[in-house]
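Written below as structure tokens is the structure these notes are about.
Every chain is numbered from 1, with letters handed out A, B, ... down the list of sequences.
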Amino acid sequence: MPKKPRVRFAPSPTGGLHLGGVRTVLYNYLFAHQQDGQFILRIEDTDQARYVEGAEQYIYDCLAWCRLEPHESPAVGGPYGPYRQSERKSIYGKYAQQLIEQGHAYYAFDTPEELEAMRANFKTEENPSPQYNHIIRKMMRNSLTLPPAEVEQLLKDHTPFVIRINMPENEDISFHDMIRGEVHFNSSQSDDKVLLKADGMPTYHLAVVVDDYLMKITHAFRGEEWLPSAPVHIMLWRYFGWINDMPQWAHLPLILKPDGKGKLSKRDGDRLGFPVFAMDWKDPASGEVTRGFKEMGFLPEAFINMLALLGWNDGTEKELFSKEELIAAFSMDRVHKNGAKFNFEKAKWFNHEWIKRMPDEIIAGKLRAQAKNKLPDEKMTRIASLIKERCTLLTDVWENAWFFFETPADVDVDSIRPRWNSDKRNFFSEWTTEIKETIEWNAMTLESKFKELAASKNIKPGDVLLPLRIMLVGKKIGPGVFDIADIIGKEETIKRVELTLARL
RNA sequence: GCCGCGUUGGUCAAUCGGUUAAGACGCAUCCCUUUCACGGAUGAAUGAGGGGUUCGAUUCCCCUACGCGGUACCA
């Protein structure tokens, strides 16, 4: 029996949680839950210069909103903690040291200025960005080029240093990607990446390998932008002697901007008027707030459904999936290789579909939150069922329901006037008199009485239906007029008709 | 520049050598509804280019083009 999978999402807490990040979470979550495995959240905060206040909590909030909660995380703990890399600092040094002893890594004493000079010196038209590779390293100040005694002295003097991986020359590095199949690299193409920084913190490259090993990760899913550094990570797995425990990789396609090309960024959302982050993100430095899908009126169910289908489908025509259905249907080998352009119109369609399918009580709850005067639950759910199909975003709910709760202040009498006459005026004043006596107050009776009266006065019902709607709602929108009259009640119906009559 | 990954309608996409190349979003027209929406019907719109392999290529291989990603003591 195969091992239960252990997967992880490893964000760096530097700001808002991007769509693509949530999709990575989702695929991790679906994969883990499908196979009764564990989903781990690890915080990759090794870059202290990029620390952003509140960003970690924000990630928890987003995952909670999406209902994609991890089994293990800095917040809930777990058997392989700590789950925050800054708290694991002491672990990494030991492993870097081990690599040095085995000759798979070395000390490098080059200052940032020296590196800059190197890049400037070797920069040519054919090679605009020279790398610290197997050729260049021979010309730099490191423990491979310096006499051992000098290295020892530098170390003793606490000269700042980094530890770099010693990439082999001209070796084939290939691996099987769950989405892309066999991927090949030549080791000469990768440079000697920094493993341990001068501040003693590991870089992503060291930390991801050490932590995936220590946390017994079986499958590692990340964005396609990581594909070029895969050979470095694979070399590390080999150097450490852990290659048989290396997780299976899957490099997820990118989510692209709707117009043009390239990765979707927060800026694209600002520019084109749609959210990119899961929830509102307030930059603590600037105070600037970036809108999120949640606050824009998206249902988490719709949000993850939309994300799941951006780069994956089950091969059938089914598009609407609950989380449970996604868990059952998801498979990594049906994830596309190519990036997908984000389409906000389609995202809204998903939300619309989900609102329509939502139980009335849930929508009634949204109503209750906004209405000043509370109606009985029975009426609330009825309103919800009447307006659901008219709402694309949750923010549309109130726009389509406010007139059940308050008398319209603005009435579009201009739409009535052109065809208004005394017959119609008489009709309405007679109707109000009639309904005052009506005992049975419901949509059906109201409609038949209304039509009977119109017929008796030789008026086509259609000629008075639209005016009635405008009287009750203020404009030409909304569910059936008699349903509205039914819900707002006799008194309010008469009040609104008379109010408008007075304005005509 | 180099390395890697990719390329089916405007967008998301099905097809795992043989189809009139699905479906969805959006768009257009019509029906339903004497509002708005929902729903229904119809329509326009697709295999980057060139070579192979094959009885037969959207599908397999190669080349070209194009796009994207990477090329930090950031992740």
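Backbone-only engagement by Arg334(A) is indicated by non-hydrogen atom pairs under 4.0 Å involving sugar-phosphate atoms exclusively. Within the nucleic acid shown, His352(A) comes within 4.0 Å of sugar-phosphate atoms alone, with no base atom in reach, counting heavy atoms only. Nucleic acid contact for Lys388(A): none, since no nucleic acid atom lies under 4.0 Å from a heavy atom of the residue. Nucleic acid contact class of Thr46(A) (heavy atoms, under 4.0 Å, all strands): sugar-phosphate only. Backbone-only contact: Gly262(A) has heavy atoms under 4.0 Å from sugar-phosphate atoms and none from a base. Within 4.0 Å (heavy atoms only), Lys356(A) reaches sugar-phosphate atoms of the nucleic acid but no base atom. Arg119(A) comes within 4.0 angstrom of the backbone, heavy atoms only, and of no base. Leu254(A) comes within 4.0 angstrom of sugar-phosphate atoms only, judged by non-hydrogen atoms across all strands, and of no base. Within the 4.0 angstrom heavy-atom criterion, base atoms lie near Pro479(A). Among the heavy atoms of the strands, none lies under 4.0 Å from Gly223(A). As judged by a 4.0 angstrom heavy-atom cut-off over every strand, Val473(A) is placed among residues making no nucleic acid contact. Heavy atoms of Asp45(A) sit nowhere under 4.0 angstrom from any nucleic acid atom. Residue Phe342(A) is classed as having no contact, given no heavy-atom separation below 4.0 Å to the nucleic acid. Contacts of Arg180(A) with the nucleic acid, taken as non-hydrogen atoms under 4.0 Å apart, involve only primed sugar atoms and P, OP1 or OP2.
Residue His336(A) places at least one side-chain N or O under 4.0 Å from the OP1 or OP2 atom of A13(B). Contact annotation: Lys261(A) side-chain N/O to U11(B) OP1/OP2 distance is not under 4.0 Å. Taking side-chain N and O atoms only, Asn313(A) has a distance below 4.0 Å to OP1 or OP2 of A14(B). Residue Lys346(A) places none of its side-chain N or O atoms closer than 4.0 Å to OP1 or OP2 of C12(B). Taking 4.0 angstrom as the limit, Asn338(A) places a side-chain polar atom (N or O) nearer than this to OP1 or OP2 of U7(B). Within the 4.0 Å cut-off from OP1 or OP2 of C74(B), at least one side-chain nitrogen or oxygen of Lys197(A) is found. When the side-chain nitrogen and oxygen atoms of Arg50(A) are compared with OP1 and OP2 of A75(B), none of them lie within a distance under 4.0 Å.
A 4.5 Å side-chain heavy-atom check between Trp281(A) and Asp283(A) finds at least one atom pair inside the cut-off. Looking at Phe482(A) and Ile487(A), their side chains never come closer than 4.5 Å, going by heavy atoms from C-beta outward.
The partner of A37(B) is absent, by the rule that a Watson-Crick or G-U pair needs both atom distances under 3.5 Å. As the counterpart of A21(B), no nucleotide is assigned, since no Watson-Crick or G-U wobble pattern has both distances under 3.5 Å. Pairing for U54(B) is absent, judged as Watson-Crick or G-U wobble with the two contacts each under 3.5 Å. Pair assignment for G26(B) gives none, since no Watson-Crick or G-U wobble pairing has each distance under 3.5 Å. Across the strands present, G69(B) finds its partner in C3(B); the criterion is a Watson-Crick or G-U wobble pair with both atom distances under 3.5 angstrom. For A48(B), the paired nucleotide is U64(B), the pair qualifying as Watson-Crick or G-U wobble because both relevant distances are below 3.5 Å. Partner assigned to C16(B) is none, using Watson-Crick or G-U wobble distances below 3.5 angstrom.
Ring pair Phe450(A)/Trp431(A) is perpendicular by interplanar angle, where above 60° counts as perpendicular and below 30° as parallel. Ring geometry for Trp237(A) versus Tyr213(A): interplanar angle over 60°, hence perpendicular rather than tilted (30 to 60°).
Going from the C1' atom of A13(B) to that of U7(B) covers 14 Å, rounded to whole Å. Using C1' as the reference atom, C31(B) and G23(B) are 23 Å apart when rounded to the nearest Å. Using C1' as the reference atom, G39(B) and G49(B) are 44 Å apart when rounded to the nearest Å. Between C63(B) and G69(B), the distance separating the two P atoms is 24 Å to the nearest Å. Atom P of A48(B) sits at a distance of 25 Å from the matching atom of C3(B), rounded to the whole Å. Comparing the P positions of G47(B) and U59(B) gives an interatomic distance of 13 Å, to the nearest angstrom. U20(B) sits 24 Å from G10(B) when the C1' atoms are compared, rounded to a whole Å. Between U64(B) and C5(B), the distance separating the two P atoms is 15 Å to the nearest Å.
Asp314(A) places its CG atom 14 Å from the C1' atom of A22(B), with the value rounded to the nearest Å.
Between Trp226(A) and Lys193(A), the residue anchored nearer the 5' end of RNA chain B, judged by the nucleotide with its closest heavy atom, is Lys193(A).
Taking the six-membered ring for Trp and the full ring otherwise, the centers of Phe221(A) and Phe9(A) sit at least 6.0 Å from each other. Ring centers of His233(A) and Phe175(A): at least 6.0 Å apart, outside the cut-off.
Side-chain proximity of Lys263(A) to the nucleotides A72(B), G69(B), C73(B) is greatest for G69(B). Nearest nucleotide to the Phe185(A) side chain, out of A75(B), G23(B), G4(B): G4(B).
With a 6.0 Å cutoff to the six-membered ring centre and a 45° limit on the axis angle, Lys318(A) counts as a cation-pi contact of Phe321(A).
Between Asn28(A) and Arg8(A), the shortest heavy-atom distance links the atoms OD1-O, 3.3 Å.
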